[in-house]
Amino acid sequence: MGTAMEQLKQWIEEGKRIVFFGGAGVSTESNIPDFRSVDGLYHQQYAYPPETILSHTFYIRKPEEFFRFYRNKMLFPDAQPNRAHKALAKLEAEGKLSAVITQNIDGLHQKAGSKKVLELHGSVLRNYCERCGEFYTLEDIMKMEGIPTCHCGGRIKPDVVLYEEGLDQGILREAIYEISHADMLIVGGTSLVVYPAAGLIDYYKGNKLVLINKDTTARDSVADLIVTGKIGEILGTICGIE
Ligand code: APR
């Protein structure tokens, strides 16, 4: 195990109130593409840039096209948690990790057994009628064609934060509380370029800020430890998850 891995392993062993902050790179080993890697969603060709399609304006003006892209490119109902998700759930079960804060909308942390998961950008597992508020599952949405419509006639909106939309203030407050009280903050699988999510790491006050990433990130310069590689392999190896 390299020195960075050994240092990470030691810090995790010492950790009593670890917080994990993650992004799409946590789910690529579950075969969900991330956004900004060379093979990521934002490097594929579409009529419009994906960030345009995944915006509130586009959702309102071109709902047919929005839902075609959303169903084809944002839903992975068969994806399974990988070693990273399982390692984090294990650390929480051992009482060492207090929260997972994620930008992902795939629900894989909960599927792996994590209990305290703060979903900054929402979840594809929750869908609500805009008119009557009725709840619909991911399966319901997958079964419907075109614009998902409630029995009341209202349009059903996925509970995911689109560009131009604000984040849930309660979840943001909770994420800030967890990070500001963490003895160790592990940031993994995120390029840290989308705000306000990326700005949350500035609330960490300790001296064990760890970045686990395949590539460099926008915040490498402020990390106390950088572990380069695949996060599923790294956390899986350290936490004994095969
Ligand atoms: N292990 C470690 N790092 C990985 C792995 C992996 N297996 N796979 C990918 N990465 C890294 C990539 O190198 C990249 O730095 O994870 C990072 C993923 O970055 P992005 O694709 O930008 O995803 P993310 O940071 O989550 O994007 C934030 O942007 O479009 C919005 O709402 C969307 O939540 C998303 C937000």
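Every number for a ligand or one of its atoms is a count from 1 in the order of the listing. Atoms considered below: every heavy atom in the structure, side chains included; atoms not considered: hydrogens, waters and symmetry mates.
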*Asks:* For atom 19 (O) of ligand 1, state which one of Ser27, Ser30, Ser191 supplies the nearest heavy atom.
*Replies:*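 The option holding the nearest heavy atom is Ser191.
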
*Asks:* Does ligand 1 have a heavy atom under 4.0 Å from the side chain of Tyr195, from its backbone, from both, or from neither?
*Replies:*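 No part of Tyr195 is near ligand 1 at this cut-off.
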
*Asks:* Enumerate the atoms of ligand 1 whose separation from the nearest heavy atom of Glu29 is less than 4.0 angstrom.
*Replies:*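 Those qualifying, in numeric order: 1 (N), 6 (C), 7 (N).
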
*Asks:* Using a 4.0 Å heavy-atom cut-off, which part of Gln103 comes near ligand 1: side chain, backbone, both, or neither?
*Replies:*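 Within the 4.0 Å criterion, Gln103 contacts ligand 1 through backbone and side-chain atoms alike.
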
*Asks:* Classify the side-chain pair Glu119/Gln110 by whether it contains a donor and acceptor separated by less than 3.5 Å.
*Replies:*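 Glu119 vs Gln110: donor-acceptor pair found between side chains.
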
*Asks:* Quick one: do the His121 and Gln103 side chains pair a donor with an acceptor below 3.5 Å?
*Replies:*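 No, no side-chain donor-acceptor contact under 3.5 Å.
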
*Asks:* Would you say Phe35 has any N or O atom under 3.5 Å from an N or O of ligand 1, going by distance alone?
*Replies:*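 Yes; at least one N/O pair falls below 3.5 Å.
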
*Asks:* Would you say His121 and ligand 1 have an N/O pair spaced under 3.5 Å apart?
*Replies:*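 Looking only at distances, the answer is yes, because the N/O contact criterion of under 3.5 Å is met.
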
*Asks:* Which residue and non-hydrogen atom of the protein lie closest to atom 18 (C) of ligand 1, and at what distance in Å?
*Replies:*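 For atom 18 (C) of ligand 1, the nearest protein heavy atom comes out as Gly189 O, 3.6 Å.
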
*Asks:* Would you say the ring centers of Phe58 and Tyr48 fall short of 6.0 Å from each other?
*Replies:*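 Aromatic pair counts; centres sit under 6.0 Å.
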
*Asks:* Among protein heavy atoms, which lies nearest atom 31 (C) of ligand 1, and at what distance?
*Replies:*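 For this ligand atom, the closest protein heavy atom is Tyr163 OH, 3.2 Å.
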
*Asks:* I'd like to check which ligand 1 atoms, numbered from 1 as shown, lie under 4.0 Å from a non-hydrogen atom of Tyr42.
*Replies:*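 Answer, ordered by atom number: 30 (O), 31 (C).
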
*Asks:* Can you list the ligand 1 atoms lying under 4.0 Å from a non-hydrogen atom of Asp34?
*Replies:*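 Taking each heavy atom of Asp34 in turn, ligand 1 has 9 (C), 12 (C), 18 (C), 21 (O) under 4.0 Å.
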
*Asks:* For atom 12 (C) of ligand 1, state which one of Gly25, Pro33, Ser37 supplies the nearest heavy atom.
*Replies:*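 Answer by nearest heavy atom: Ser37.
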
*Asks:* Would Thr28 and Asp34 count as having a side-chain donor-acceptor pair, cut-off 3.5 Å?
*Replies:*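 Absent: no donor and acceptor within the cut-off.
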
*Asks:* Can you see whether His85 engages Gln80 through a side-chain donor-acceptor pair at a distance of less than 3.5 angstrom?
*Replies:*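 Short answer, no.
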
*Asks:* To which protein heavy atom is atom 8 (N) of ligand 1 closest, and what is the distance rounded to 0.1 Å?
*Replies:*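 Result for atom 8 (N) of ligand 1: Thr28 OG1, 2.8 Å.
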
*Asks:* Checking Ser27 against Asp106: is there a side-chain donor and acceptor pair closer than 3.5 Å?
*Replies:*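 Indeed, the side chains of Asp106 and Ser27 share at least one donor-acceptor pair under 3.5 Å.
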
*Asks:* Atom 1 (N) of ligand 1: which protein heavy atom is closest, and how many Å away?
*Replies:*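 Result for atom 1 (N) of ligand 1: Ile231 N, 2.9 Å.
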
*Asks:* For Glu6 and Gln10, does a side-chain donor sit closer than 3.5 Å to a side-chain acceptor?
*Replies:*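 No pair is found: no donor N or O on one side chain lies under 3.5 Å from an acceptor on the other.
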
*Asks:* Look at atom 24 (P) of ligand 1 and find which of Ala24, Gly188, Ala218 reaches it with the closest heavy atom.
*Replies:*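 Minimum heavy-atom distance to atom 24 (P) of ligand 1 goes to Ala24.
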
*Asks:* Given salt bridge (Lys or Arg N to Asp or Glu O under 4.0 Å), test Lys157 with Glu165 step by step and report yes or no.
*Replies:* CA-CA 13 Å; Lys157 186 177 186 292; Glu165 292 180 345; 3.2 Å; yes

*Asks:* So which heavy atom in the protein is nearest atom 13 (O) of ligand 1, and how far is it from that ligand atom?
*Replies:*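 Minimum-distance protein heavy atom for atom 13 (O) of ligand 1 reads Asp215 OD2, 2.7 Å.
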
*Asks:* Below 4.0 Å from ligand 1: does a non-hydrogen atom of Gly229 turn up there or not?
*Replies:*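 The answer is yes: ligand 1 sits under 4.0 Å from a heavy atom of Gly229.
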
*Asks:* Would you kindly confirm whether Val193 and Tyr163 end up in one hydrophobic cluster when ILVMFWY residues are joined by side chain heavy atoms under 4.5 Å apart?
*Replies:*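 Yes, Val193 and Tyr163 fall within the same hydrophobic cluster.
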
*Asks:* Check Val194 against ligand 1 and report side chain, backbone, both or neither, counting heavy atoms closer than 4.0 Å.
*Replies:*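 Only the side chain of Val194 comes within reach of ligand 1.
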
*Asks:* If hydrophobic clusters are built from ILVMFWY residues whose side chains come within less than 4.5 Å, do Leu108 and Met74 share one?
*Replies:*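 No; Met74 is not reachable from Leu108 via cluster members.
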
*Asks:* With respect to Asn213, determine whether any N or O atom, backbone or side chain, lies less than 3.5 Å from an N or O atom of ligand 1.
*Replies:*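 Right, the criterion is met.
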
*Asks:* For the OH atom on Tyr203, are there more than 12 heavy atoms of other groups (residues, nucleotides or ligands in this structure) within a distance under 6.0 Å?
*Replies:*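 No, because the 6.0 Å sphere around OH of Tyr203 holds 12 heavy atoms or fewer from other groups.
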
*Asks:* For atom 25 (O) of ligand 1, what's the nearest protein heavy atom and its distance?
*Replies:*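 Answer, as residue, atom name and distance: Thr190 OG1, 2.7 Å.
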
*Asks:* Looking only at distances, can you tell me whether any N or O atom of Gly23, backbone or side chain, sits closer than 3.5 Å to an N or O atom of ligand 1?
*Replies:*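 No; the residue has no nitrogen or oxygen that sits under 3.5 Å from a nitrogen or oxygen of the ligand.
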
*Asks:* Please work out whether any backbone atom (N, CA, C, O) or any side-chain heavy atom from C-beta onward of Arg36 is under 4.0 Å from ligand 1, and answer side chain, backbone, both or neither.
*Replies:*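 Both of them.
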
*Asks:* Are any of the N or O atoms of Lys214 closer than 3.5 Å to those of ligand 1?
*Replies:*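 N/O-N/O distance under 3.5 Å: yes.
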
*Asks:* Check the pair Trp11 / Ile186 against side-chain contact (heavy atoms from CB on, under 4.5 Å), numbers first and verdict last.
*Replies:* CA-CA 10 Å; Trp11 282 1; Ile186 304 176; over 6 Å; no

*Asks:* Looking at Tyr59, does the NZ or CZ of Arg155 lie under 6.0 angstrom from its six-membered ring centre and within 45 degrees of the ring axis?
*Replies:*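 Judged by the rule, Arg155 and Tyr59 form a cation-pi pair.
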
*Asks:* Linking I/L/V/M/F/W/Y whenever any side-chain heavy atoms sit under 4.5 Å apart, do Ile201 and Phe20 land together?
*Replies:*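 No, because Ile201 and Phe20 fall into different hydrophobic clusters, even though each may have its own neighbours under 4.5 Å.
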
*Asks:* Taking 4.0 angstrom as the limit and counting only heavy atoms of Lys230, give me the atoms of ligand 1 inside it, by number and element.
*Replies:*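 Answer, ordered by atom number: 1 (N).
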
